[in-house]
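Just so we're on the same page: letters track the sequence lines, and every chain starts at 1. Please read these numbers as outputs of a predicted model, since none were measured by experiment.
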Amino acid sequence: MTSVMERPQGRHLGGAPRRRLVVVGNGMAGARAVEEILARGGVNQFTITMFGDEPYGNYNRIMLSHVLSGEESDADIFLNSLSWYGENSITLHAGVRVDRIDKSTKHVFSNDGRVTPYDTLIIATGSRSHMPPMDGLYTPAGSVKHGVFGFRTIDDTRRMVQHAQQEHHRRAVVIGGGLLGLEAAYGLKNHGIEVEVVHSGGHLMNAQMGPDGGAVLRMSVEALGIRVHTNSRTTAVLGMDRVSGVSLRHREDIACDMVVVAAGIRPNVDLAVLSGLPVERAIVVDDQLRVQDEDDIYAVGECVQHRGEVYGLVAPLWEQAVVLANHVTGADTSSAYLGSRTATKLKVAGVEVASMGLHGPELDTDEHIVFSEPSRGVFKSIVVRDNKMVGATLLGDSRKVAYLTQAYDRGLPLPAERIALMFDVGGPGEDVGVAELDDVAQVCNCNGVSKGALVAAVKGGCTSVSGAMDATRAGKGCGSCKLLVKQVVEWAADFAVEEDPAASYYVPGIPLDKPALMAAIRKQGLRSVSQVFSALAPGKAEDAKSKMGLASLLKMMLADQYIDERDARFINDRVHANIQRDGTFSVVPQMMGGVTSVQQLRRIADVAEKHHVPLIKLTGGQRIDLLGIPKEDLPQVWADLDMPSGYAYGKSFRTVKTCVGKDFCRYGTGDSTKLGIEIESRFQGIESPAKLKLAVSGCPRNCAESLVKDVGVVAVEGGRWELYVGGAAGAHIRKGDLLATVDDPEEVKLLTGRFMQYYREQANWLERTYAFVPRVGIEHLRAVIVEDSEGSAGRLDAAMQASVDSYVDPWSERDDPLTPGQFRTSLPLTVLPQVPVR
Amino acid sequence: MSAGPMSTRPMPASHNLGPVDQIPFGEGRAFGVDGEQVAVFRLRDGSLRALSAVCPHKGGPIADGTIDRQVVMCPLHQHAFELDTGCSTTGAESLRTYDIQIDPAQNIILQSIQGAGNYSA
Ligand SMILES: Cc1cc2nc3c(=O)[nH]c(=O)nc-3n(C[C@H](O)[C@H](O)[C@H](O)COP(=O)(O)OP(=O)(O)OC[C@H]3O[C@@H](n4cnc5c(N)ncnc54)[C@H](O)[C@@H]3O)c2cc1C
Ligand code: HEM
Ligand code: SF4
Ligand code: FES
């Protein structure tokens with residue numbers, strides 16, 4: 001097929017006639033090079049002709065993995081439509097291959113019989129799948145056997161999808177356990193095909209990581225239901241005219257209906273070789289991307305060898321295309337390509353993989369820091385030499401990648417505490433990593449977008465993540481950098497936010513920060529969420545996203561004076577239970593301090609039996625969770641339990657975890673259980689900007705994990721108690737800061753209440769204490785709460801007391817629903833997936 | 001609300017879902033109508049909106065969502081949908097919308113499911 005966009009005539013602007021630029025290969029590098037040339041005013045210098053072997057415009061090859069898995073349609077991956085060529089006066093010969101170049105007369109010969117003259121030529125022929133030698137790969141006629149596929153082009157991908165979707169095709173073997181092989185396996189698995197990966201190396205992705213990382217990756221891949229055979233070489237494809245299996249060396253045959261060969265790629269150099277151009281492993285180019293010893297022929301992409309290196313990922317191609325365009329157009333003749341760093345960041349089969357430099361220590365003096373958590377698929381390995389990072393592999397968690405890449409590229413000095421290389425220790429601190437990042441540091445490796453470019457886009461007005469992504473193309477390749485892109489944009493927007501007040505709004509729908517909002521509510525005597533909207537929202541507009549935060553704030557401020565409009569609550573707070581993925585709810589009765597009784601246990605057992613509760617589970621907060629309760633059954637379940645709510649669903653005080661304490665434990669120095677129960681019964685159900693989880697331990701062995709709680713209490717020798725605040729052990733890990741050490745359990749309760757009230761009044765909506773405490777600073781908190789430096793202690797205590805006094809067990813609504821149909825099912829025909837019964 | 005082609009016919013099937021005060025202001029309730037699940041919301045201005053009750057994202061119960069005058073937010077993962085059109089403002093697929101009214105006896109009347117609703121893309 002030949003589709004020719006004839007270029008509009010008479011466009012060129014008098015003066016010198018335009019030179020003829022011919023590009024062979026319309027893949028990612030060829031098209032990018034042309035885009036770069038156009039960006040440097042190429043239209044006025046050249047008439048451009050492109051030849052592409054594939055009968056299409058130019059598409060994003062990386063996305064073929066997503067096309068195979070069905071996450072993306074093949075129509076969506078095109079980068080430049082056919083009309084783009086026309087608009088830029090480019091003549092495209094799609095589906096036409098160039099067979100030979102005559103470099104002395106400067107012509108190219110293509111397989112449609114055409115002879116095309118050039119002044120400047122660019123070769124961008126890319127690579128093809130490597131078919132390693134094995135028996136039975138080809139039919140006697142010489143074509144690849146039916147059911148055997150490479151994985152390189154959109155046609156390969158379409159054929160694979162078609163084959164996989166045929167009913168009787170159930171099993172596939174993928175040869176090769178590298179990037180492409182795993183992507184192919186993952187994609188086919190999504191079509192319900194049973195997949196086995198046969199890899200000749202000792203571990204998966206051995207080009208990117210060492211054996212330990214490979215072992216963790218293997219577990220992640222196997223968890224997807226993909227079988228892996230390492231150290232296995234395929235010797236033959238079985239079957240007469242169609243595939244029936246493969247034979248392995250020293251192993252049993254595997255039966256299958258299709259074989260995907262992903263055993264590496266080979267540069268397309270036939271054309272160059274035939275035409276007498278210098279080729280080693282690939283076409284040899286100099287630092288200007290000019291083919292060695294040729295004046296008018298350039299080459300770019302996977303088909304080139306530069307300073308001995310041949311690249312197989314897109315990031316280096318982008319850098320090459322820029323240098324090439326600078327020379328071809330004369331825009332910057334000093335520009336030079338010096339090779340690309342080998343740091344790669346990918347998403348393979350759903351797993352984030354980043355790798356740079358060495359895979360493991362080589363010298364006796366090399367430091368090797370390794371963290372491995374196979375059950376989560378997380379593996380991190382860092383090699384340090386002379387206090388410089390010389391290699392890293394990260395699997396399953398790429399949050400520190402940006403920082404590590406920079407440390408690797410620039411040889412930055414490293415923190416003495418090496419663990420900080422792998423994790424954000426203390427505080428939410430993610431933004432620190434982003435702030436540290438250099439402007440030239442590459443954020444999106446696929447599209448070569450630097451931090452500086454993203455920041456510029458944000459400064460230029462693209463303050464949304466998606467806007468900045470659209471403007472820069474960041475995150476539009478493999479997608480593995482999206483988290484980092486988001487962090488950079490947020491960080492950059494934050495800076496602009498000094499003038500943009502929206503970020504300081506307590507809730508998005510009311511243009512006031514927390515102190516101003518609270519002052520306005522007090523001054524105008526507002527008592528309900530709808531009153532706040534009509535008094536303070538622009539255009540009196542309600543805002544669904546703001547309702548829950550306002551409801552919580554008003555309840556905190558007004559206690560029993562609050563007018564509780566149920567529609568302002570989140571569903572959990574309307575029905576006092578935690579909504580589950582299938583629309584049922586979980587019920588967690590109060591079990592103060594994790595202490596229960598025979599009667600309670602018996603009653604819970606009876607309820608679970610009567611209501612056929614699908615799952616009974618112990619929670620992390622030392623209670624019992626009954627899961628899978630339909631909404632309409634909640635009142636009856638509560639009535640049968642006849643226990644108060646454990647508040648396992650709200651933005652509120654949740655629970656106090658306690659250890660055994662001194663009555664039983666031989667180490668105990670304080671009665672942690674008793675104090676925990678007293679704290680929980682005092683503060684039960686108190687709402688707050690985010691949830692509050694507490695603990696009391698009877699000695700510094702800290703069995704109740706008090707150091708990682710929002711408020712944690714530890715008994716120490718001599719009948720004293722330490723009070724820690726701002727700890728966390730969830731999405732973030734932070735050790736709490738010591739607020740005070742006191743002699744009396746009553747004093748513990750008082751300070752706990754005062755701290756929580758201060759937090760309720762000062763913290764932003766959804767700001768956990770682990771972020772709040774470092775934000776305001778522990779010294780400040782100590783001053784206000786312990787030393788009463790602002791003279792506010794009495795007021796804080798009184799406000800907390802009012803909240804405590806207005807407590808009503810929400811489950812008492814069972815007898816008298818507050819709104820019509822409060823507990824009516826929202827799923828009248830319940831067709832949703834059910835929580836599995838255990 | 002736009003009327004689909006069938007609503008111009010003389011005999012649109014309508015369903016009486018009962019008194020409007022089964023739905024508290026600012027909340028939604030779900031109804032099974034002709035084998036379909038419909039979430040009916042009663043805005044704080046008293047008007048009604050009706051959308052299909054099952055979230056296209058992961059099947060969340062839309063009637064349990066939080067609303068304002070423009071959108072409903074699904075309780076499971078906070079995808080938002082315009083109450084008037086069913087279009088998602090967060091990139092999910094759309095919800096179907098239905099024609100809905102309150103009759104003089106303060107009953108909720110849902111217009112014929114076949115045809116009267118629109119699928120907004
Ligand atoms: C499934 C898959 C997933 C990938 N995932 C990633 C990833 O996540 N990250 C990453 O960085 N890289 C990834 N890659 C690699 C990336 O796609 C390549 O590095 C990139 O496409 C190379 O660009 P190129 O222009 O050099 O070659 P190509 O994109 O292959 O373009 C070469 C073009 O030239 C044409 N051609 C060849 N010879 C001739 C001729 N004689 N005449 C006319 N036309 C000719 C070919 O048909 C082809 O269209 C992936 C590759 C595949 C196949
Ligand atoms: C003789 C000494 C100890 C006794 C009697 C003891 C007793 C207990 C008991 C009864 C539990 C509760 C188990 C459960 O809920 O299933 C527990 C939990 C725990 N203990 Fe100990 N413990 C002792 C020493 C230690 C020490 C020295 C440490 C740590 C260094 C420790 C760390 C923990 C932790 C982390 C938990 C889990 C807490 C939780 O599940 O909430 N224990 N201990
Ligand atoms: S924290 Fe101390 S007192 Fe409490 S159970 Fe553990 S060892 Fe015993
Ligand atoms: S199910 Fe509705 S947002 Fe996920």
Subject >> More than 12 heavy atoms from other groups under 6.0 Å of CD on E93(B) >> reply: no
**OP:** Please flag which part of R569(A) lies under 4.5 Å from any non-hydrogen atom of chain B: side chain, backbone, both or neither.
**Re:** backbone
Original post:
Given a strict heavy-atom distance threshold of 4.5 Å, which part of K631(A) is in contact with chain B: side chain, backbone, both, or neither?
Top reply: side chain
**OP:** For the pair F31(B) and R824(A), evaluate side-chain contact (heavy atoms from CB on, under 4.5 Å) and give the outcome as yes or no after the intermediate values.
**Re:** CA-CA 10 Å; F31(B) 297 84; R824(A) 197 167 103 184; 3.4 Å; yes
So which heavy atom on [X] is nearest to which on [Y], and how close?
X: I571(A); Y: P75(B); value: CG2-CB, 3.7 Å
X: D64(B); Y: F585(A); value: OD2-CZ, 4.1 Å
X: V71(B); Y: A544(A); value: CG2-CB, 4.4 Å
X: R581(A); Y: L76(B); value: O-CD1, 3.3 Å
X: P61(B); Y: G583(A); value: CG-CA, 4.2 Å

What distance separates [X] [atom1] from [Y] [atom2], expressed to the nearest 0.5 Å?
X: D567(A); Y: L43(B); atom1: CG; atom2: CG; answer: 9.5 Å
X: E27(B); Y: Q822(A); atom1: CD; atom2: CD; answer: 8.0 Å
X: D68(B); Y: K545(A); atom1: CG; atom2: NZ; answer: 8.5 Å

Subject >> Selection from S530(A), A568(A), S546(A), A541(A) maximising heavy-atom pairs under 4.5 Å formed with chain B >> reply: S530(A)
Subject >> Test log, rule side-chain contact (heavy atoms from CB on, under 4.5 Å), inputs T66(B) and M548(A) >> reply: CA-CA 9 Å; T66(B) 309; M548(A) 186 183 180; over 6 Å; no
